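Scroll down for the structure; my scribbles are underneath it.
Values below: all heavy atoms of this structure, side chains included; hydrogens, waters and symmetry mates excluded. Since the structure is predicted, the reported quantities are computational estimates derived from the model, not experimental observations.
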Amino acid sequence: MAADSPPRPPNQDNSPSRGGEHEQQFPLPAILTYPSSTPPSLITQGAEARLYKTTYLLPSIPAALKYRPPKPWRHPILDARLTRHRILAEARILVKSRREGVPVPAVYAVDETAGWMMMEWVKGVPARVGINEWLRRRKETEKTTSGDVNNTEDENDGDAAPITGDGEEDKDLVALMRRIGSAVGRMHKVGIVHGDLTTSNMMLRPWGKGREPANGHASGGDGLLDGDIIIIDFGLASQSSSDEDRAVDLYVLERAFASTHSRAEKLFSATLESSYKEAFKQAPVVIKKLEEVRMRGRKRSMIG
């Protein structure tokens, strides 16, 4: 699970906290101070929100609580209105997405006045972590095969051959990309634009025994990339049926993928777009718009 922006270490003051050894800048939401709540653990903190891991109703039900603390630099009335609007907007988008079959966390409870939303805790690791570990292992295997065991350069430094998806050894990553494309296609189909699509905002939730999908699953691998794709962190999301907005969403994901997993960049268009088209009938129009967005991005890069 993630907050609205990259994590940063929590600030400290003298206020008490049940969330661990670090003292928190803001008091905990009241729901996390009830005796029935598992002591919360601060997972991440962004510019707008903090994410805690706790439980919901029973100690056996793990939950994620997203809390938007008061902003002391804003007028209290304006701050309360903005917080209420953003919490409700995110909750409505998650509920709609869930109802329409988009793989997102379930919403358990919302208190827009207090500024928090309780959600399902998604087990697993971010897709970014799984992909980078897969790339690391892949490069180690290639070094061993070639006999170059002393090369300690990073797996994303460009010295290794790009992964094209043509080889048998690429099938796990190809299958994962197909699941990502399908999940994004279903989201766009119901009129939701994420606003911050990255592999950090996609969780790999382990499959239950015997529940592996027939499509988009490469059996026989090491299992590192197995799991359902669950899209998280809808703090910047909006409801939109604009093909331009959808294309920008894909462009953000494409650039993030190229930056984070540069060796597998060539897999993006061919693999992800094919499964995106299967999940979303209007995909050809969006892909055409994506080409226009790419051109604008290249021009912006040249101009600086």
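Residues forming a side-chain contact (heavy atoms from CB on, under 4.5 Å) with Ala89 (at least two apart in sequence, or on another chain): none.
In terms of hydrophobic clustering, with Ile, Leu, Val, Met, Phe, Trp and Tyr side chains grouped at heavy-atom distances under 4.5 Å, Leu58 and Leu65 are assigned to a common cluster. Grouping the Ile, Leu, Val, Met, Phe, Trp and Tyr side chains by contacts below 4.5 angstrom, directly or via other members, places Val252 apart from Val193. Under the 4.5 Å side-chain heavy-atom criterion for ILVMFWY residues, a single connected hydrophobic cluster contains both Ile61 and Trp116. Both Val107 and Trp121 are part of a single hydrophobic cluster, where members link through side-chain heavy atoms under 4.5 Å apart. Under a hydrophobic-cluster definition in which Ile, Leu, Val, Met, Phe, Trp and Tyr are linked whenever side-chain heavy atoms come within less than 4.5 Å, directly or via other members, Tyr276 and Ile231 are assigned to the same cluster.
Although no hydrogens or angles enter the test, the distance criterion places a donor-acceptor pair under 3.5 Å between the side chain of Thr141 and the main chain of Arg137. Without hydrogens or angle criteria, Thr55 side chain to Thr38 main chain gives a donor-acceptor distance under 3.5 Å. Counting only distance, with no hydrogens or angles, the side chain of Arg246 and the backbone of Val286 share no donor-acceptor pair below 3.5 Å. Remark: the backbone N or O of Lys71 is paired with a side-chain donor or acceptor of Asp79 at under 3.5 angstrom. Not one N or O on the side chain of Ser182 forms a donor-acceptor pair closer than 3.5 Å with the backbone of Arg178. The closest donor-acceptor contact from the side chain of Arg50 to the backbone of Arg68 lies at 3.5 Å or more, if one exists at all.
Interatomic distance, Asp243 CG to Glu292 CD, rounded to the nearest 0.5 Å: 10.0 Å. Taken from CZ in Arg128 to OG1 in Thr199, the straight-line distance is 7.0 Å, to the nearest 0.5 Å. Here the straight-line distance linking atom CZ of Arg263 with atom CD1 of Ile163 works out to 4.5 Å at 0.5 Å rounding. Atoms CG and CE, from Leu267 and Met177 in turn, are 6.5 Å apart once rounded to the nearest 0.5 Å. Distance check: Asp249 CG to Glu244 CD gives 11.5 Å after rounding to the nearest 0.5 Å. Summarising the geometry, atom CZ belonging to Phe234 is positioned 10.5 Å from atom CE belonging to Met119; distances are rounded to the nearest 0.5 Å.
A salt bridge links Arg138 with Glu142: the distance from a Lys NZ or Arg NE/NH1/NH2 to an Asp or Glu carboxylate oxygen falls below 4.0 Å.
A pairwise comparison of heavy atoms in Val293 and Ala247 identifies CG2-CB, 4.0 Å as the closest pair. Scanning both residues, Gly181 and Ser275, for their nearest heavy atoms gives CA-OG, 3.3 Å. Nearest approach of Gly185 to Phe280, heavy atoms of both residues: O-CB, 3.7 Å. Listed here is the closest heavy atom pair of Ala264 and Leu173: CB-CD2, 3.8 Å. Taking each heavy atom of Glu112 and Thr83 in turn, the nearest pair found is O-CG2, 4.3 Å. Annotation for Thr198 and Ala256: closest pair CG2-CB, 3.8 Å, computed over non-hydrogen atoms.
At a cut-off of 3.5 Å, with distance as the only test, no side-chain donor of Asn201 or His194 sits close to an acceptor on the other residue.
When the shell of 6.0 Å around CZ of Arg74 is examined, it contains more than 12 heavy atoms from other residues, nucleotides or ligands. With a 6.0 Å radius and a threshold of 12 heavy atoms from other residues, nucleotides or ligands, Leu78 has its CG atom above the threshold.
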So Arg136 and Glu133, salt bridge (charged side-chain N to carboxylate O under 4.0 Å, His left out) or not? Walk me through it. CA-CA 5 Å; Arg136 186 189 68 78; Glu133 176 62 16; 2.6 Å; yes
Would Glu291 and Lys288 satisfy salt bridge (charged side-chain N to carboxylate O under 4.0 Å, His left out), going step by step from the backbone distance to the final call? CA-CA 5 Å; Glu291 289 294 337; Lys288 186 176 180 180; over 6 Å; no
Evaluate side chain to side chain contact (heavy atoms under 4.5 Å, CB included) for Leu57 paired with Tyr108, printing each intermediate quantity in order. CA-CA 10 Å; Leu57 298 180; Tyr108 290 156; over 6 Å; no
Side chain to side chain contact (heavy atoms under 4.5 Å, CB included) between Arg294 and Arg255, intermediate numbers included: CA-CA 10 Å; Arg294 285 169 177 157; Arg255 299 316 304 156; over 6 Å; no
Test side chain to side chain contact (heavy atoms under 4.5 Å, CB included) on His261 and Asn132 and set out the steps. CA-CA 7 Å; His261 319 292; Asn132 280 341; 2.9 Å; yes
Test side chain to side chain contact (heavy atoms under 4.5 Å, CB included) on Val184 and His188 and set out the steps. CA-CA 6 Å; Val184 174; His188 284 177; 3.9 Å; yes
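The closest side-chain heavy-atom distance from Val102 to Lys189 is not below 4.5 Å. Contact of the Leu204 side chain with the Leu176 side chain is registered, since non-hydrogen atoms from C-beta on lie closer than 4.5 Å. Side-chain contact between Leu197 and Met202: present, with at least one pair of heavy atoms (C-beta onward) separated by less than 4.5 Å. Side-chain atoms of Asp228 and Trp207, non-hydrogen and from C-beta on, do get closer than 4.5 Å to each other. You'll find the side chain of Ile87 stays beyond 4.5 Å of the side chain of Lys66, heavy atoms only. The shortest distance between side-chain heavy atoms of Asp172 and Leu224 does not fall below 4.5 Å. No side-chain heavy atom of Tyr251 sits less than 4.5 Å from a side-chain heavy atom of Arg296. Using a 4.5 Å heavy-atom cutoff, the side chains of Ile287 and Leu250 are in contact.
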Taking distance alone, no hydrogens or angles, what donor-acceptor pairs closer than 3.5 Å link side-chain atoms of residues 91-99 to residues at least two apart or in another chain?
unit_1 : atom_1 : unit_2 : atom_2 : d
Lys96  : NZ     : Val190 : O      : 3.1
Lys96  : NZ     : Gln239 : OE1    : 3.2
Ser97  : OG     : Ile93  : O      : 2.8
Arg98  : NH1    : Val104 : O      : 2.8
Arg98  : NH1    : Glu120 : OE1    : 3.2

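Ring planes of Tyr67 and Tyr52: tilted class, angle from 30 to 60°. Using the six-membered ring where Trp is involved, Phe257 and Phe268 have ring planes that are tilted, between 30° and 60° apart.
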